[in-house]
*Asks:* 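My questions all concern the structure below.
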Amino acid sequence: MRLLLTFALTYPWRSAFTLLAMLIAGVMEGVGLLLLLPMLSIATGEQGPVDDNTLAGLGHLLTEALTRLGITPSVGSLLILIVACIVLKGALLLLARTQIGYTVAHVATDLRLALLRALLAARWEYYLRQPVGSLANAAGTEAIRASAGYLYGASAVAMLIQACIYATVALLVSWEAALASLLAGAVVILALSRLMRKTHRAGLRQTQYLKSLLTRLTDSLQSVKPLKAMARESLLGPVLEADNTRLNRALRREVISLEALATLQEPMLAVILAVGLYVALTQWGMQFNAVMVMVLLLARLLTHLTKVQRQYQRMLSQESAFWSMQDAIEKAKRDCEKTAGGIPPRLEKCVRLEKVSFAYDNTLVLRRATLDIPARSFTAIVGPSGVGKSTLADLITGLLRPQQGQIWIDDVPFEQMNLLMWRQSIGYVPQDTFLLHDTVLHNVTLGDPALTQADAEAALRAAGAWEFVTAMPDGIQTSVGERGAALSGGQRQRIAIARALVNQPQLLILDEVTSALDRESEAAICRTLRELRGRLTILAISHQPALVEAAERVYRLQNGTAVLIMDGGTPVAASPVLHGETNLAGG
């Protein structure tokens with residue numbers, strides 16, 4: 001019931017309107033059923049003693065009420081009223097079900113949006129701990145299953161309201177028969193409750209196994225190219241098959257529980273109705289018309305009670321997906337970072353790291369590192385793999401925060417700066433280039449409405465990519481394929497550089513951007529970067545000699561500290577550059 005309460009609090013007005021419509025619809029149906037009593041009495045001519053506590057008395061009260069309203073009770077008039085009640089009930093149920101349908105769509109959409117907003121607002125460290133497949137599963141499968149859970153829960157509530165109306169009418173007609181039927185229905189529900197628990201456990205396993213399967217599948221598809229190149233893709237099969245087998249087993253348990261409940265309810269219901277009919281006719285001596293009304297009422301009452309149980313059972317099979325998605329949203333919210341507010345950055349003097357230290361878990365990467373990146377200069381960072389070059393770039397962009405020391409933009413410390421505006425002034429090209437399965441134009445502008453095709457063309461020219469883009473079948477409108485598979489590695493890199501330049505950033509960060517380029521393309525990129533000197537600040541992380549030689553200032557990262565080895569294009573005394581070393585990265 002916690003899931004239903006959560007949905008009711010999340011969508012209070014829709015829930016209230018739906019409940020009211022269903023309640024009035026149930027009342028209309030109850031009135032229509034009660035009108036059967038005087039109609040059958042008139043049609044069959046069966047009249048009993050008038051007593052308010054008997055069926056005849058109830059029929060007489062209804063006849064008097066209709067007479068006071070100016071309606072002459074007859075078979076025709078009563079049939080018209082019964083049909084009117086049924087039509088009004090149908091219209092109200094249509095409204096209620098429409099609202100339920102709208103809310104089902106809202107549940108999936110709102111959950112996805114909540115997850116998306118939480119993810120986009122989370123710190124970078126959060127992503128380092130999360131498998132992509134798990135988040136994709138939450139946005140896809142779990143959102144759909146959660147909305148299905150709402151549908152089943154709302155249907156259970158609708159049927160419960162109708163069952164309550166039937167119970168009320170049945171109590172008015174014969175409280176003894178009604179109580180006996182309700183007791184029998186409760187016994188049936190309790191007897192089958194074990195199947196409800198099995199369904200709930202099967203739903204929990206489905207959520208667990210789907211998350212595992214889609215996580216492994218996503219990781220596998222991202223690495224399928226090298227695996228196929230080495231003919232080792234068959235190694236993925238057993239792992240994925242094991243997850244799929246476990247998921248199939250959980251689905252089978254759910255199906256068995258659902259079908260067993262539906263199958264067992266029907267004969268048990270038939271037995272209850274048969275016993276009730278026998279007792280009413282032979283033991284209680286009830287009139288035949290009253291017995292028919294009671295049988296109709298009790299059959300609908302018990303049928304709706306069993307339907308409530310079945311819909312609730314289906315809700316139990318899906319609700320774990322909702323709580324799993326809520327857990328993902330809450331975890332992302334707990335890792336939310338504050339980016340707005342603070343002093344707008346200007347970068348007119350320099351970016352300065354002062355005695356900065358940073359460690360991943362127990363692995364120290366930077367130890368009291370200090371360096372300056374002058375504004376509108378070209379600075380390069382070199383050093384062997386794993387010394388913290390990319391970490392240093394992440395610290396400058398604010399994706400990571402130093403555990404000791406301070407980062408300054410001009411005279412403003414990072415803690416007092418508007419981080420969102422700072423990032424908006426950065427163009428960043430990572431070592432692992434990512435492209436969307438879309439056109440070149442969209443990959444450069446990312447759909448930003450403030451950017452035009454002319455802006456994209458200028459950025460592509462600056463990145464040395466315009467020549468090969470114009471040679472493509474549809475030019476700038478050509479699709480690059482999945483993850484840019486239709487392009488070479490160098491072409492993908494240059495489009496990524498164009499994406500970083502299109503917003504005319506103040507700071508351009510390049511992480512090994514020329515490592516996938518041939519010598520000619522590398523030279524073209526270096527010429528472009530030289531032309532940009534003085535117009536924006538460039539920070540390049542590289543071990544390529546050509547890119548390093550284009551820089552005005554070069555730092556080497558070693559033992560967690562930054563050592564200046566070139567300043568103003570001139571090697572610093574005792575630096576490796578003075579001794580003719582070209583492999584500045586040390587490997």
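Keep in mind that this is a model prediction, so the values were computed, not measured. Atoms considered below: every heavy atom in the structure, side chains included; atoms not considered: hydrogens, waters and symmetry mates.
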*Asks:* Does Thr207 have any side chain to side chain donor-acceptor pair (under 3.5 Å) partners at least two apart in sequence or in another chain, and if so, which?
*Replies:*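 Listed in chain order: Arg145, Ser320.
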
*Asks:* Enumerate the salt bridge (Lys or Arg N to Asp or Glu O under 4.0 Å) contacts for residues 434-449, please, sequence neighbours excluded, ordered by first and then second residue.
*Replies:*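 Not a single pair qualifies under salt bridge (Lys or Arg N to Asp or Glu O under 4.0 Å).
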
*Asks:* Start with the C-alpha gap between Leu435 and Ile495, add the side-chain angles, then the distance that decides, and say whether side-chain contact (heavy atoms from CB on, under 4.5 Å) holds.
*Replies:* CA-CA 9 Å; Leu435 294 181; Ile495 290 178; 3.9 Å; yes

*Asks:* What residue pairs, at least two apart or across chains, pass ring pair (Phe, Tyr, Trp, His ring centres under 6.0 Å) with a residue in residues 132-155?
*Replies:* Phe7-Tyr150

*Asks:* Under 3.5 Å, sequence neighbours excluded: what are the donor-acceptor pairs made by side chains of residues 91-100?
*Replies:*
unit_1: Thr98; atom_1: OG1; unit_2: Leu94; atom_2: O; d: 2.7
unit_1: Gln99; atom_1: OE1; unit_2: Arg14; atom_2: NH1; d: 3.0

*Asks:* For residues 72-94, pull every pair meeting salt bridge (Lys or Arg N to Asp or Glu O under 4.0 Å), keeping only residues two or more places apart or in separate chains.
*Replies:* Glu29-Lys89

*Asks:* Donor-acceptor pair, Asp455 side chain versus Thr452 backbone, under 3.5 Å?
*Replies:* yes

*Asks:* Whether Asp327 and Lys331 form a salt bridge (side-chain N of Lys/Arg under 4.0 Å from carboxylate O of Asp/Glu) is what I want to check.
*Replies:* yes

*Asks:* Check step by step if side-chain contact (heavy atoms from CB on, under 4.5 Å) holds for Asn248 and Asn244.
*Replies:* CA-CA 6 Å; Asn248 182 60; Asn244 197 55; 5.5 Å; no

*Asks:* State which residues pass ring-ring contact (aromatic ring centres under 6.0 Å, His included) with Tyr312; sequence neighbours excluded, sorted by chain then number.
*Replies:*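 Expected list: none.
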
*Asks:* Go through the structure and list residues passing salt bridge (Lys or Arg N to Asp or Glu O under 4.0 Å) with Glu337, not counting sequence neighbours.
*Replies:*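 Counting only residues at least two positions away or on another chain, Glu337 forms a salt bridge (Lys or Arg N to Asp or Glu O under 4.0 Å) with Arg423.
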
*Asks:* Going by side chain to side chain contact (heavy atoms under 4.5 Å, CB included), name the residues that satisfy it together with Leu446, two or more places apart in sequence or in a different chain.
*Replies:*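 Side chain to side chain contact (heavy atoms under 4.5 Å, CB included) check on Leu446 returns Leu436, Arg499.
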
*Asks:* Without placing hydrogens or testing angles, list every side-chain donor-acceptor pair under 3.5 Å for residues 252-260, not counting sequence neighbours.
*Replies:*
unit_1: Glu254; atom_1: OE1; unit_2: Gln206; atom_2: NE2; d: 2.2
unit_1: Glu254; atom_1: OE2; unit_2: Ser317; atom_2: OG; d: 3.2
unit_1: Ser257; atom_1: OG; unit_2: Arg253; atom_2: O; d: 3.0

*Asks:* Going through the distances and angles, do Gln313 and His200 end up as a side chain to side chain donor-acceptor pair (under 3.5 Å)?
*Replies:* CA-CA 8 Å; Gln313 181 190 33; His200 190 222; over 6 Å; no

*Asks:* Please enumerate all residues that pass side chain to side chain donor-acceptor pair (under 3.5 Å) together with Thr445, with sequence neighbours excluded.
*Replies:*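 With sequence neighbours excluded, Thr445 shows a side chain to side chain donor-acceptor pair (under 3.5 Å) to no residue whatsoever.
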
*Asks:* Among all residues two or more places apart in sequence or in another chain, which pass the ring-ring contact (aromatic ring centres under 6.0 Å, His included) test with His442?
*Replies:* none

*Asks:* Could you note down all residue pairs passing salt bridge (Lys or Arg N to Asp or Glu O under 4.0 Å) where residues 182-198 supplies at least one of them, sequence neighbours left out?
*Replies:* none

*Asks:* Can you tell which of Leu301, Thr303, Leu305 makes a side chain to side chain contact (heavy atoms under 4.5 Å, CB included) with Tyr166?
*Replies:* Leu301

*Asks:* Looking at every non-hydrogen atom in both residues, tell me the closest pair between Leu399 and Glu125 and how far apart they are.
*Replies:*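 Where Leu399 meets Glu125 most closely, the heavy atoms are O-OE1, 3.5 Å.
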
